[in-house]
Amino acid sequence: MFACKRLIGLIKHRAEVWTLARRKVTTWSPVGAAFNSRPHRRPDVLQNNVGLFGVPELSSPAGFEVATKRALKDTRQLVDKTCNSPPGAATVEYFDQLSDGLCKVADLADFIKVAHPDPLFREAAEKTCIEIGTVVEKLNTNVELSSSLKNLLNSPDILNQLDHDTRRVAELFMFDFEISGIHLEEKLRKEAVALHVKLLDLNNEFLMGSHMPNRIAKAAIPEHLHLHFAKEGSFIQVGGLHADSPDDLLREIAYRIFLYPNGQMLECLEELLKCRNKLAKLVGYESYAHRALKGTMAKSPKTVMDFLQLLTDKLSDRTAKDFAMMTDMKKKLNPRNSELMPWDHPYFSGVLRAERFNIEPSLYSPYFSLGACMEGLNNLFSQLFGVSLMSDHPSAGEVWSDDVRKLAVVHETEGLLGYIYCDFFHRTDKPHQDCHFTIRGGRRCQATGEYQLPVVVLMLSLPHPTKSAPTLLTPGMMENLFHEMGHAMHSMLGRTRYQHVTGTRCATDFAEVPSILMEYFANDYRVVSQFARHYQTGQSLPQSMVARLCESKKVCGAADTQLQVFYAALDQVYHGEPQNRSTTELLKDMQHQFYGLPYTPSTAWQLRFSHLIGYGAKYYSYLMSRAVASMVWKQCFLQDPLNRDMGERYRREMLAHGGAKEPMLMVEGMLQRRPTMEDFVDALVSDLNPNFETFLMDSES
């Protein structure tokens, strides 16, 4: 017995010594420690269930019906109040209250319907989304309601008394009415509503179909490849491109089968594009693209196509060299079949990166524990904005899964700015995607004078920590975390008067700027060195490894960018003036003009282009946002990425306004000059230039 006690004591002593030794080299801040430890949330039977996100009704699925009824009752009262009030600033305030009341329920439900592990909650949330969506459609075609806003905008004396933000929000609400056909005579207005309803169904049908696998008889493909696909009786299901497989034949077969045309889906896409064009023309636009680009940085389809063509021209030599390098690599690995095809691009660009730079993710992951990365974000925001991320303990029923962490965002002088819920870990039935959800927008409450704090969710799909190690991120995961946190801070640091334009509720080609800018911080050694240290030894990530990682991304960068240009150009052509040609014929032309690798007969890649739904005529936005982020980084942060004055300027000029200011004016305020499309193109091209210091660093090491 005593021997047993001595043995237990010795084990405890050794464990304490190991823990102390480990703490000497890996001492985390509170936020770092919170994310590097497993959650120990024990249910407290005495604690009241506060409901999801602290909404009391949402302690059970049935609460969605209660919350919906209350929101709709408040909506009816506000509509009456708005329609019976004289035009003035109060009119815009009432509209924003309307929007806020509906969005607080709809946005929350929109998240819960995809993220909650309980199907009863998901179903209740889905029902709420449909009910609120139906009411919004009716409000957008409410003539009396729109007249109250029209009277305001048509009264110069009253309009001149409004501040800039109030006037802009009024114009944005009017735009929502106009695109629903409110200004049309009753017969045409009903036609516009019918088109909206039809498009909702077509959008859902296309989205569902774009992710469905194709199937083929087992006998049609070599038996040794069967193990790579799901089986269904005598058929094999192909649900993806297998783009990273080293097997040339597997990549080709997956490409040809997964992209094989589905007649029903082709009809769905053709009808969807026709309906979009018809609706746009009905409400007074030349094309759907013209309607979609109103209020963006680009403003018109011509500007977008000029941007894409200029980028193609300036990348052409580099793109040709990239494809030549990939072709040479394919010849080297497969001399009998050396023609470079579309299914080869992702694989051989990866092979070339690996050959030139040793960037095996497993070498980096020990330095990128989740806690370390969160500590790095906390340090960065503290130095740039005077903002801290503070771990907050959720109440009973507040979160939908025990592994969700809650962060309070606190400013050193302004106090609490808002909350970020971090749903970071993989879960069955959870979407495998990284995204940002606005649950509640920020706004100034006129009745109380208080500010409604924004609430957002960041969703990732990271591996869970183990008994022996915290969650370790690959470089790509780390960069994605920084990217999504850029969206979250856009929501937190904005202090807009109206929730209709809060945070990320801005032009699509501007919305990605804050998140992409965060990627530049995530790849700068002066930032990375503050947090990237080995979770066991405490050793810092060597500068040469960060430099190699950054340079590796430039390998085949022109070809990768050109592929995005092709997608963006295809999106523009689909949403431009109808050309009486099939979507496949248009794809062939755009692929020839803007990509370079040949079209594969009997394929229809466009049927997998799910971004056509959420980003119709706006797929170019990612490229334009990256160009702006690149310019902001080089001009404002490259010299000193932790400069507080520049951080404050960034918040003041770009983050604070949400969508309350013209996007190009925000860019102009930050850069202190108005950039041209050529400036944007040059910024993207210069990002691909090699950094020769990296090669010197490698040779010295």
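Computed from a predicted model, the values in this text were never measured in an experiment. Values reported hereafter were calculated over all heavy atoms of this structure, with side chains retained and with hydrogens, waters and symmetry mates removed. Start at 1 with the first residue, then count along the sequence.
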Original post:
In terms of side-chain geometry, is the basic nitrogen of D402 or R427 positioned less than 4.0 Å from the acidic oxygen of its partner?
Top reply: no
Subject >> Those residues that, when tested against F111, pass ring pair (Phe, Tyr, Trp, His ring centres under 6.0 Å) (two or more places apart) >> reply: W400, F437
Original post:
If every non-hydrogen atom of V681 is compared with every non-hydrogen atom of K314, which pair is closest and at what distance?
Top reply: CG1-CD, 3.8 Å
**OP:** Verify whether the ring centers belonging to F637 and F521 lie closer than 6.0 Å.
**Re:** yes
**OP:** Check ring pair (Phe, Tyr, Trp, His ring centres under 6.0 Å) between F385 and all other residues, then give those that pass, not counting sequence neighbours.
**Re:** none
Original post:
Quick check, are the ring centers of H611 and Y567 under 6.0 angstrom apart?
Top reply: no
**OP:** Answer yes when E375 and R533 have at least one side-chain N-carboxylate O distance shorter than 4.0 Å, and no when they do not.
**Re:** yes
Original post:
Do you know the tightest heavy-atom contact between R251 and S245?
Top reply: NH1-O, 2.7 Å
Original post:
F323 and A559: which non-hydrogen atoms are nearest, and at how many Å?
Top reply: CE2-CB, 3.9 Å
Original post:
Can we say E551 and R548 salt-bridge, meaning some charged N sits less than 4.0 Å from an Asp/Glu carboxylate O?
Top reply: no
Subject >> Exercise: identify the closest heavy-atom pair between M478 and A522 >> reply: CE-O, 3.4 Å
Original post:
If you take all heavy atoms of R122 and H116, which pair is closest and at what distance?
Top reply: NH1-O, 2.8 Å
Subject >> Donor-acceptor pair between S401 and D403 side chains, under 3.5 angstrom >> reply: yes
Subject >> For F35, ring pair (Phe, Tyr, Trp, His ring centres under 6.0 Å) partners two or more places apart >> reply: F424
Original post:
Ring centroid separation for Y520 and F482, is it under 6.0 angstrom?
Top reply: no
Original post:
Residues two or more places apart in sequence or in another chain: which of them pass ring pair (Phe, Tyr, Trp, His ring centres under 6.0 Å) with H487?
Top reply: H436, H483
**OP:** Using a strict cut-off of less than 4.0 Å between a Lys/Arg side-chain nitrogen and an Asp/Glu carboxylate oxygen, indicate whether E519 and R626 qualify as a salt bridge.
**Re:** yes
Original post:
Are E479 and K553 within salt-bridge range, i.e. N to O under 4.0 Å?
Top reply: yes
Original post:
V409 versus M489: any side-chain heavy-atom pair under 4.5 Å?
Top reply: yes
**OP:** Using the test side-chain hydrogen bond (donor to acceptor under 3.5 Å, both in side chains), find all partners of N689 that sit at least two apart in sequence or belong to another chain.
**Re:** R318
Original post:
With a 3.5 Å cut-off and no angle check, do the side chains of E512 and S515 form a donor-acceptor pair?
Top reply: yes
Subject >> Greater than 12 external heavy atoms within 6.0 Å of Y615's OH >> reply: no
Original post:
Do D423 and K430 sit within salt-bridge range, that is, some charged N less than 4.0 Å from a carboxylate O?
Top reply: yes
Original post:
Which of these passes ring-ring contact (aromatic ring centres under 6.0 Å, His included) with W343: Y255, F258, F348?
Top reply: Y255
Subject >> K634 bridged to D524 by N-O distance under 4.0 Å >> reply: no
**OP:** Can you see which heavy atom on H490 is nearest to which on M654, and at what distance?
**Re:** NE2-O, 4.2 Å
Original post:
If you measure from the Lys or Arg side-chain nitrogens to the Asp or Glu carboxylate oxygens, is any gap between D344 and K330 under 4.0 Å?
Top reply: yes
Report, one line per pair, each donor and acceptor closer than 3.5 Å where one atom sits in a side chain of residues 361-374; sequence neighbours left out.
residue, atom, partner, partner atom, Å
S362, OG, E360, OE2, 3.4
Y364, OH, M545, O, 2.6
S365, OG, P361, O, 3.2
S365, OG, L473, O, 3.1
S369, OG, N36, ND2, 3.1
S369, OG, A372, N, 3.2

Original post:
Below 6.0 angstrom between ring centroids: does that apply to Y574 and F609?
Top reply: no
Original post:
Quick one: are S461 and Q433 in side-chain contact, heavy atoms under 4.5 Å?
Top reply: no
